[in-house]
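Quick notes on the structure that follows.
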Amino acid sequence: MKKTLLCALASALLFAGCSKNEINSPDPKLTQQALAAMKTDSMGRATAALAVQGIAQIDASTVQQTIKGFGGANIVAWTGDLTSTQRNTAFSPTSGIGLSIVRVRVPNSSSEFAAEKATIDACKSFGGSAIASAWSAPASMKTNGSIVGGKIKTASYANYAAHLSAFNTAVGGLAAISPTNEPDYKVNYESMELTAPEVADFVAAQGSNCGAPIMAPEPFQMNQTYINTYLSNATAKSKTSFVCGHIYGKTPYNLGNIGKPVWMTEHYTNSTISGDDWSNAMTAAKEIHDCMNSGWSAYVWWYIRRSYGPISESGNIQKVGYIMAHYARYVRPGYTKISCTSNPSTGVYVTAYKSGTKLVLVIVNQNPSTTYQNFNYSGITVSGFNRYFTTSSANLSSNNFAVSGGSFGINLAASSVTTLVSY
């Protein structure tokens, strides 16, 4: 149950890592909107009740998964390509969102292959990578002769692998390729309907010939039974570099010791709500946290440019995009997630990452009021943090503060996402 303190000044002094000056003065790291909601005494000191609860323990010596990145889909045939300006907005880690993965569709026809290359090249130019999923094999290679439904003909396995490999070559190289998209979900559009053993049979036979590392089996709801059945084919497992799936209607969870990095390769929160809706954006923030806390290495949104996505149809960053930037800009490919108390206080969710001597914390505060949070860190030396925060009225606002002694405490603005990057 949420606890609040009526006398935050006196009580806050009990917590480690907080200077008297930090406690007794309005926190310069809070937004003006948050400060306006706080009562002050005649000295201008903050006396509002701030939620003060547990300590977030960070251990940089305990390394968990290696991060591949955060991204979104660009499906040229269905939505048109991103413009040059929109590519910078999507992929630049300094002036844009900083997405480091672009997911594309493997077209049925080789005549469409080249259309995907420009945006793939743009993502790579900013240090990112491209992954590709095939919604369907060419109709001629399928049991029903259609790009909707059906299965891959066993006799066409080699031809289909060659088709995937040719796409990889045409676009200049992929980080991974999936031979199927949501094979366990029956739809009336471009698709294939394959059981887990059938996906495994193809990968076992031709996984080494698809031109890029295999990510599979990409089920609709990250269904562990489907994934485990697929991985029970030892040959397919040996030819699979990454386990991937989507989380429609599914809360992220740890898949256990499956021996492969896990990538979440498609999801969106609500297609009927604007990407600028703050409540919806906060839902996305918690979802990304949950994926990372589940031990997954990648989070990929659906369309990059969409009314409900990170970039609007007119090319502007929306609230969902700013939320994604809190992860994508500052947790770059190759960073590792480290041990951290994931939910130290009611409504507060934290993940921690490092790269060499750099420590990055991403903090989601779901509480409707300012929340005071304490942190202890070990296994790494930190002098201070650059702080970036987004609220309903602020986008990646920034400031910095010094720390020492292995602990500190900060005020988190109401309903906010904060990223701390050490210096």
- Check side chain to side chain donor-acceptor pair (under 3.5 Å) between N88 and all other residues, then give those that pass, not counting sequence neighbours. none
- Mind checking whether Y377 and F408 have parallel, tilted or perpendicular rings, split at 30° and 60°? tilted
Test your reading of the model: is there a side-chain donor-acceptor pair from [X] to the backbone of [Y], 3.5 Å cut-off?
X	Y	answer
K239	G207	no
S355	Y335	no
E218	P183	no

Regarding [X] and [Y], is there a side-chain donor-to-acceptor distance under 3.5 Å anywhere?
X	Y	value
N270	T272	yes
Y226	Q221	no
S369	N367	no
S314	N316	yes
R103	S133	yes
N411	T370	no

- Message: Please report whether the ring centroid of Y299 lies less than 6.0 Å from that of F70.
- Response: no
- is_close_aromatic(Y248, Y185), centroid dist under 6.0 Å: no
Heavy-atom pair with the smallest gap, counting every atom of [X] and [Y]:
X	Y	value
A352	C340	CB-CB, 3.8 Å
N374	G409	OD1-CA, 4.0 Å
A285	Y327	O-OH, 3.5 Å
A132	V106	CB-CG2, 3.8 Å
I147	A137	CG2-O, 4.3 Å
S100	P333	CB-CG, 3.6 Å

- Using the side chain to side chain donor-acceptor pair (under 3.5 Å) rule, take T351 and Y353 through it: C-alpha gap first, then chi angles, then the decisive distance, then the call. CA-CA 7 Å; T351 51; Y353 312 84; 2.8 Å; yes
- Contact check, side chains of V262 and Q65, non-hydrogen atoms, under 4.5 Å: no
- Query: Are any of the side-chain heavy atoms of M215 and T265 separated by less than 4.5 Å?
  - Reply: yes
- Item | K260 atom NZ: more than 12 heavy-atom contacts under 6.0 Å | yes
- Report the C-alpha distance between I131 and W263 in whole Å, list the side-chain angles of each, state the deciding distance to 0.1 Å, and finish with yes or no for side-chain contact (heavy atoms from CB on, under 4.5 Å). CA-CA 11 Å; I131 62 176; W263 294 357; 3.7 Å; yes
